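These notes are about the structure you will find just below.
Here the structure is a predicted model, which means the values were calculated and not measured.
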Amino acid sequence: MPETSSLIARLREEGLAAIAAARNESDLLDAKGRFFGKKGAVSGILKGVAGLPVEERKAVGERANRVRGELESAFDSRLAEIREKERVAREGRDRLDVTLPGRGPIPGHRHPVSQTMSDIISVFRRLGFSVQGGPDVEKDYYNFEALNFPPEHPARDMQDTFYVESAGGDLVLRTHTSPIQIRTMERMKPPVRIIAPGTVYRSDSDITHSPMFHQVEGLAVDRNITMADLKGLLTEFCRMTFGPGKPLRFRPSYFPFTEPSAEVDIQCVICGGSGCRVCKESGWLEILGAGMVDPSVFGFVGYDAEEYTGFAFGMGVERIAMLRHGISDIRLFFDNDIRFLSQF
Amino acid sequence: MKIPYSWLKEIVDTRLTPPQVQEALTMAGVEVSSCRFLGEGFESVVTARILEMRPHPDADRLSLCKVTDGSTIYGIVCGAKNMKPGDAVALAKIGARLPNGMEIRKAKIRGQASEGMLCSEQEMKLAESSAGIMILPADTAPGMPLADALGLSDWLLEVEITPNRGDCLSVLGVAREVASITGEKAVLPEVPLREEGEPIGGLVRIDVSDPDLCPRYTARVVTGVTIAPSPDWMRRRLALCGIRPINNIVDITNYLLLELGQPMHAFDLDRLRGPRIDVRAPKESLAFTTLDGSERSIEPGMLLIRDAVGPVAIAGVMGGANSEVVDGTTRVLFESAHFAPSSIRRTARRLGLSSESSYRFERGVDPAGTAYAADRAVSLLSRFAAVSVAKGTIDVGGERVTPRKVGFRPERATRVMGREYAPEACREIFRRLSFPLVTSGPGSWDVTVPTHRFDIEREIDLVEEVARLSGYDTIPTTYPESKAPDFSEDDRFVDLQERAFDFLRARGFSQAVNFSFVSGRTWERLGEVLGFDPADAVRLKNPISDETTLMRPHLLTGLLSNVADNVHRFVDDVRLYESGKAYGTSYVDGHFEEPRLGLILSGKRLPGDWSGANAPADFFDMKGIVEPLLLHLCASPVHVVPTRTRPFFEEGKSADILRAGEVVGWFGAVRRELLASFELTGAVFYGEIRLREATASSSPPGQYRVLPKFPPVFRDVACVFPIGVPVGDVLAMVRAVSPEVEESSVFDVFTGEKIGDGNKSVGIRVKLQPLDRTLTDAEVHSIHSKIVKLLENRFGGKIRTS
């Protein structure tokens, strides 16, 4: 009996020690097998209880059972410990560096002039205008004559023109997108509401002039179009393009194909009207030209000027892009320097 | 045009200050781009006289001066040498801040105190440079503000005149504008005359043979002239307005050009042969030397002023060297004429000779003003020179000048402008403009327009007068009535472009914008490589530089030079696209232009990748962008076939894109010779799409097909082909083997020793998808055998067994 007792006590000590010393699940299972698995030492003692003297059976059985219980619960908690440790270790190994860049192309950049042009077009399309294009290599008739620039008229000096070699000698690179007005009205009867974006050319080159640049032209003709409508439309356009709270100023001006004509200034977006270098201390920035379609233009396209009135407006896209993005040299637009493009 | 405020005030005694004049004119359509006080920086600078001058004891280059402003004596250290005691000079006192930004402080210079500074013209910004200090006229009283002494207590307005307002190219014209705005009166200077000379008719005979080109010719003669400088005030005004003073006679013509807008010419009467004048255009070409010494080729139809023998001036453009006023001139004929604008413009343009005079005649000079200008010339001259004025004026065509009448309905103004203009308000505006009017019917008037307003011919011109003088700020903002907008072909095109831009942007491409014109020299030099035929080019007659002589036949060179520029700036991975037109000649319209989308790719396949995908990009990277882009844009498939006709691509590394049999684009590896000429060493891939053609017809909406209910079967075949076999064709024919073949795709391609030179191994995966049953092994086997037979018999393939 004392031998059995001390054996059980020893097995308990050794079992607990083996469980505690297990480094992984298989060490642990090994310990279980040796001490309290089906063929383990404690199980062996319990199996042998029946062969003991009656008076010893109960005590040995109870003691051995207790020890087995103790070992089992030590085993469970050590197993949980080991599994947790392994899970943590595995997670450390499999963890991704989520700060590494993703796989795939890095998006490119829209050209600021093209973006500005798209924005202008989409504002006017929302306001009910439809897009019309026209040729860059244009007939003198469309670029000048039908727009009421007669031959030998000083108004032609307003636009330094590139002439194109041609058999008839009457081709130019369009100096404005206004020829599209004529081409559209020749094709359509009123009501007309178009927006005409495009590339235009003038023989002029410095930090604010480029021999090629972009314009957007607009034209609306109907029975009751007025200059007040033009003011309303352009006010809305400026609000959508430059944001609210920027006063506009309409000044009388001259274009051969509109009368009355206006130049539209917006309060300087740089200084807010107090005067700076960009607005030449005036507090105003000229952003577009506009006016009521001149009756002689209607004459060229066969519209009755008593019945119909219309307005037209046109703006330089580079100028607006320069104001929006704070660009002071127009030539940057045509260098296509990726370091420049990637700023937008 | 520059206008001194003091001069303006002589004609309209306005209550407006110069800045108010600027604002008022600008808001009435006569833009005043600048308005500045001329004496700015002159505040503490006065006239002074030098009392004594001695050398600085410790500096050879400096002098010690004592100067007085009349009340105080100042000790000044001065570095200039050009003055002497008694000279009148400009003294900047302590505290002055000069126009060039210099501040004057009390200073000790090499031990000697200086109580101010003697100024140079450069320091006062009166000249670009000056050799010494400014020496004023000897009679200048000391102690005057310098600005007063120089006539600079004045403002200078710079006015931008639009081409329709030739009448505003003068002080008088701008004064009339001010008067129209304020309701004040513009008054011409009086012209007192003492005609003591002979009658003019005995001195010269004048004929106008071409009255259409010269509707009016007025002349006056003065005798007993001594050529001398003009008075200071006149010289100063001319200089302020940018005209170099010459002598008392020429200066008067220029002064009146500025004041009245009437160009005049002074002839030396003794050099006019006859003496007579005939205004006529020659029938033959001839050579003529103008007073600037240049010989000009006169063509038939150019209007000339002739004397009894030959030409003496090009009418309205420039006088001749043979008749101009010279130092010994004693008798002068002043010409004050009206010439037809288009004739003057044509002549000036043909001769490449624009003058202050031709500029005004082109824009319209008041035909009613010639006689007054001639009177003013001789009257002004007699004010400061002892001359004798010949009796009378010769005035040919004066009786023909009649003002125009233009109809006007106040209601029309209201209709065009969108605000009410009361008849009374319109009447008041016409009164201010000095446009008399009479009622011609109910609600309509006949308005008489003075002859100086060339721009007013129609009712709409009067509407504009009413609108601008009422102020555009009084026009309300309304919104035009609208119907549903049209959706045009160009709307569709704009949307299409936006979709292309978004797609390309997501694929890492940035947008470039290049000039549509290119260097003809480059294109001709590289003609063979660029596939360029000079006969096809649209050329400019007047290019701005060698870089802009012809319209680009395609977009490659612009993008290629963008790549080169970026690579040279150490940006190696370049992906750019450009949407723009290509141009060429055509038999139909003489030329054509076509929207294109150009793409260029150089550098790594996936820039910035860290996981092994950063190999150099190749042909298939470009194909992998072009093809899906076209699918993205129009959903209908395109065919890619090898091309041999585009010399700017490497042979065997380029393809055409076909859609419905039409070439809608091309792409490939840019030819090495071309890269070399742009100093590029790495490979560059380029693609160009004819945007309209590539997307011409939209595909009909996709139609639903029943989804299969039975499992597909996949079979892989590895096959060795001769290297020239197009895999695209193989895949297409495999698909056609049996209706059950739903897909055939490539999963592997390689070449190498193992499979023999001139061969390639291609792994093909076939997906068999029955619709109504599960395929049996026998069926699968049968299809597989057909495929193998096809590969072997049709394409010379050998099945590889692993």
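- For B:Leu576, the part lying under 4.5 angstrom from a heavy atom of chain A is the side chain only.
- In this structure, the portion of B:Glu31 lying under 4.5 Å from any heavy atom of chain A is its side chain and not its backbone.
- Counting heavy-atom pairs closer than 4.5 Å to chain B, the top-ranked of the candidates A:Val113, A:Leu173, A:Asp222 is A:Leu173.
- Contact count versus chain B (heavy atoms, under 4.5 Å) is highest, among A:Ala305, A:Ser130, A:Gly232, A:Gly310, for A:Ser130.
- The residue among A:Met158, A:Glu236, A:Arg125, A:Gln115 with the most heavy atom pairs within less than 4.5 Å of chain B is A:Arg125.
- No option in B:Gln22, B:Glu158, B:Glu160 other than B:Glu160 meets the side-chain hydrogen bond (donor to acceptor under 3.5 Å, both in side chains) test with B:Ser33.
- Between A:Phe144 and A:Phe149, the distance from one ring center to the other falls under 6.0 angstrom.
- Heavy-atom distances place both the backbone and the side chain of B:Asp461 under 4.5 Å from chain A.
- Atom-to-atom distance recorded for B:Leu559:CG and B:Tyr577:OH is 11.5 Å, nearest 0.5 angstrom.
- Judged by a 6.0 Å distance limit and a 45° cone about the ring axis, A:Arg251 is not positioned over the six-membered ring of B:Tyr472.
- At a cut-off of 3.5 Å, with distance as the only test, no side-chain donor of B:Asp490 or B:Ser488 sits close to an acceptor on the other residue.
- Highest contact tally toward chain B, considering only A:Pro135, A:Gly102, A:Ala155, is held by A:Pro135 [criterion: heavy-atom pairs under 4.5 Å].
- Top candidate by heavy-atom pairs under 4.5 Å with chain B, chosen from A:Ser203, A:Pro112, A:Pro211, is A:Pro211.
- The pair B:Arg468-B:Glu177 meets the salt-bridge criterion, with a side-chain N (NZ, NE, NH1 or NH2) lying under 4.0 Å from an Asp/Glu carboxylate O.
- With a threshold of 4.5 angstrom between heavy atoms, B:Pro476 approaches chain A through its backbone and through its side chain.
- For B:Glu498, the part lying near chain A is the side chain, with the backbone staying farther off; criterion is any non-hydrogen pair under 4.5 Å.
- Interface summary for chain B: among A:Arg110, A:Met292, A:Glu263, the most heavy-atom pairs under 4.5 angstrom belong to A:Arg110.
- With a 4.5 angstrom heavy-atom cutoff, A:Met117 does not touch chain B via any of its atoms.
- A centroid separation of less than 6.0 Å is found between the aromatic rings of B:Phe517 and A:Tyr201.
- Proximity to chain A involves both the backbone and the side chain of B:Val513, based on heavy atoms less than 4.5 angstrom apart.
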Side-chain polar contacts of residues 501-510 of chain B - donor-acceptor pairs under 3.5 angstrom, sequence neighbours left out - could you list them?
unit_1   : atom_1 : unit_2   : atom_2 : d
B:Arg505 : NE     : A:Gly108 : O      : 2.7
B:Arg507 : NH1    : B:Gly624 : O      : 3.3
B:Ser510 : OG     : A:His109 : N      : 2.9

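- Of the two parts of B:Val30, neither the backbone nor the side chain holds a non-hydrogen atom closer than 4.5 Å to a non-hydrogen atom of chain A.
- With a 4.5 Å cut-off on non-hydrogen atoms, B:Arg419 does not touch chain A at all.
- Contact check on A:Glu318 versus A:Arg331 returns no salt bridge, with no Lys/Arg side-chain nitrogen under 4.0 Å from an Asp/Glu carboxylate oxygen.
- Residue contact with chain A, scored on non-hydrogen atoms closer than 4.5 Å, is absent for B:Pro341.
- For B:Val571, the part lying near chain A is the side chain, with the backbone staying farther off; criterion is any non-hydrogen pair under 4.5 Å.
- Contacts of B:Asn566 with chain A are made by side-chain atoms alone, with heavy-atom separations under 4.5 Å and no backbone atom involved.
- Interface remark: B:Glu457 contributes no atoms to any contact with chain A (heavy atom separation under 4.5 Å).
- Heavy atoms closer than 4.5 Å to chain A are found in the side chain of B:Leu606, but not in its backbone.
- Comment: A:Glu306 engages B:Arg409 in a salt bridge, judged by a side-chain N to carboxylate O separation of less than 4.0 angstrom.
- Interface remark: B:Asn514 contributes backbone and side-chain atoms alike to the contact with chain A (heavy atom separation under 4.5 Å).
- No more than 12 heavy atoms of other residues, nucleotides or ligands sit less than 6.0 Å from atom NZ of A:Lys280.
- Remark: aromatic rings of A:Phe237 and A:Phe124 are close, center separation under 6.0 Å.
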